[in-house]
Amino acid sequence: MTIERRRALIGVNAGIFLAHIGNFIWFPVLLASLGGTDSGFWAGVVMCMTYVGRLLATFFYEGTAARIGIRGAVFFGTAMEAVALGAMGFSGGVLVYSVLAFFIGFGSGTAFPGLKNILVSYPDDERPKAFSTFQMSAQVGLFGGALLGGLLADVDLRTLFSVVFAIFIGFCLASSAFIPRDGFETREAADARAAEAAQARKPLFSLTVFKGIDVRGATRYFLLSAVFWFLSIGFLVGIPLHMEEYAPQWAPSAPFWITGLSVLVLQYPLFKFLIKHLRPGAVMAVGLAGMTAAFLAFGAGRSAAWVIVGCLVVVLGEVLFVPSFDIWVARKVPEQRLAKAMGAMHFFRSAGNMVGSLLAGVLFDLSLSLGVPGANWYAAAAVAAVCAVICLISRDGAAEAQPAEEAVPETEAAPA
């Protein structure tokens, strides 16, 4: 790895590390607070609005990056996120929180694809290490943020969000200072992008993000990605509400101490071992099977002890599914179309998170009102099990890059 790519990787990893620290300080505390004072539904609405913002940002990312570069998009998105988070501490009420959450999400939806865009521009033999260290940095940040969130759980929200604001300013500066303007393109990809830019200036708002899936057989993987993020955010939103109801003696962020530490231990060795011996689809299936077992543990036990058991297993989804999916896309999508593919990936991720965050609160309230504790987790376990089977029986080799001159049918380009 060259000095320039190593330096950029440090900047990307520092950025995602600080972002996870900041996010895992504020959102478990705020969700538990809203769940106790309002309801799980309203807690889910606030989180849902962050993903509404991220989803809308999907349609602006390519045009923004074309105008100010990937580095500029990361700086702009992170700065917006920092300002909205700072304002959270000086606000109150579900309506105001929801509006600010939208801008938090829009900023994140502009910055995060830029970070991923840098990673996929690395040479093929360097991508597995880049994606693994990216995930590792995220989990170190998650663990650190959860610990700090526990320490700050009893402070007033003004102090808590002021700390988060300072952290996101650090994210903004660290990422933009180290990453190159447009990633590490090959000469061919740079020439193709320049030729496209010469023909027509990219509009700021564009629905062509759906055409990022220029790969035969990719539809099921992008949809599975949406469902995975539906399940993942269901855990992130549901577990603070679960803790407030069934284990109030623990801090709302306590489960994330366990998941963060588990991923730190398992991420690199487990993923490296399985990706060498199994195809990406099978590795994804193992991750989803772990999530199925975890959701069953949360539903059946509900006590603090069962939370520990579930948190030790649920991390298999993050450890295995996410990097396997990223590597699959990086291998199958032509290099000159990776920017569009990143936008499409982010669209499906945001869509899954948006629906999942809202339904997590609704299903939690419903399980309490029906007198069936854990019903929300049983529903999630059923969805995860079905997805694991689909990944297991799917064949990765069915996906082939379409020729550049072949038009993508509209039904394939926009399956959503």
Side-chain angles (χ1 to χ4, degrees), residues 24 27-28 31-32 35 40 43-44 47 139 142-143 146-147 149-150 224 227-267 270-271 274 283-322 352-353 356-357 359-392:
F24 279 85
F27 91 81
L31 288 184
M47 285 302 294
Q139 294 306 320
L142 185 160
F143 182 61
L147 287 177
L224 280 169
V227 178
F228 169 81
W229 291 111
F230 167 88
L231 296 170
S232 179
I233 197 64
F235 166 71
L236 295 180
V237 172
I239 203 66
L241 301 175
H242 184 95
M243 298 298 291
E244 184 74 13
E245 180 70 23
Y246 300 112
Q249 70 275 18
W250 281 22
S253 59
F256 304 118
W257 306 347
I258 303 167
T259 57
L261 185 59
S262 299
V263 173
L264 285 177
V265 174
L266 296 175
Q267 174 73 63
L270 183 60
F271 174 69
L274 289 179
V283 178
M284 293 182 214
V286 176
L288 288 164
M291 297 181 79
T292 303
F295 294 149
L296 290 174
F298 295 144
R302 295 185 301 282
S303 65
W306 282 99
V307 168
I308 295 174
V309 172
C311 288
L312 290 172
V313 183
V314 76
V315 296
L316 292 179
E318 191 80 11
V319 167
L320 301 177
F321 185 96
V322 177
N353 281 328
S357 57
L359 284 185
V362 171
L363 290 174
F364 179 79
D365 287 346
L366 189 61
S367 69
L368 294 181
S369 64
L370 294 176
V372 186
N376 54 320
W377 297 117
Y378 295 140
V383 174
V386 170
C387 290
V389 172
I390 293 174
C391 283
L392 194 61

Do [X] and [Y] have side-chain heavy atoms sitting under 4.5 Å apart?
X	Y	value
M291	F321	no
L224	C391	yes
L392	V286	no

Output side-chain donor-acceptor pairs under 3.5 Å for residues 237-247, partner residues at least two apart or in another chain, one line each.
from: H242; atom 1: ND1; to: W377; atom 2: NE1; distance (Å): 3.1
from: H242; atom 1: NE2; to: R302; atom 2: O; distance (Å): 3.1

To the closest 0.5 Å, what do you measure between [atom1] ([X]) and [atom2] ([Y])?
X	Y	atom1	atom2	result
L261	L142	CG	CG	11.0 Å
F230	N353	CZ	CG	10.5 Å
L366	L363	CG	CG	6.5 Å
L320	L270	CG	CG	5.0 Å

If you look at every heavy atom in A43 and L31, which pair is closest and at what distance? O-CD2, 3.3 Å
Pairs in or reaching into residues 249-266: which pass side-chain hydrogen bond (donor to acceptor under 3.5 Å, both in side chains), with residues at least two apart or in two chains? none
Listed once per pair and sorted, the side-chain hydrogen bond (donor to acceptor under 3.5 Å, both in side chains) pairs that draw on residues 359-373, sequence neighbours left out: none
Can you list everything that forms a side-chain contact (heavy atoms from CB on, under 4.5 Å) with A381? Sequence neighbours excluded, please. T292, F295, L296
Would you please name every residue forming a side-chain contact (heavy atoms from CB on, under 4.5 Å) with V362, sequence neighbours left out? F41
Side-chain donor-acceptor distances from residues 309-317 under 3.5 Å, at least two apart:
none

Test side chain to side chain contact (heavy atoms under 4.5 Å, CB included) on F27 and L236 and set out the steps. CA-CA 9 Å; F27 91 81; L236 295 180; 4.0 Å; yes
Test ring-ring contact (aromatic ring centres under 6.0 Å, His included) applied to F235 - qualifying residues, sequence neighbours left out: F256, F298
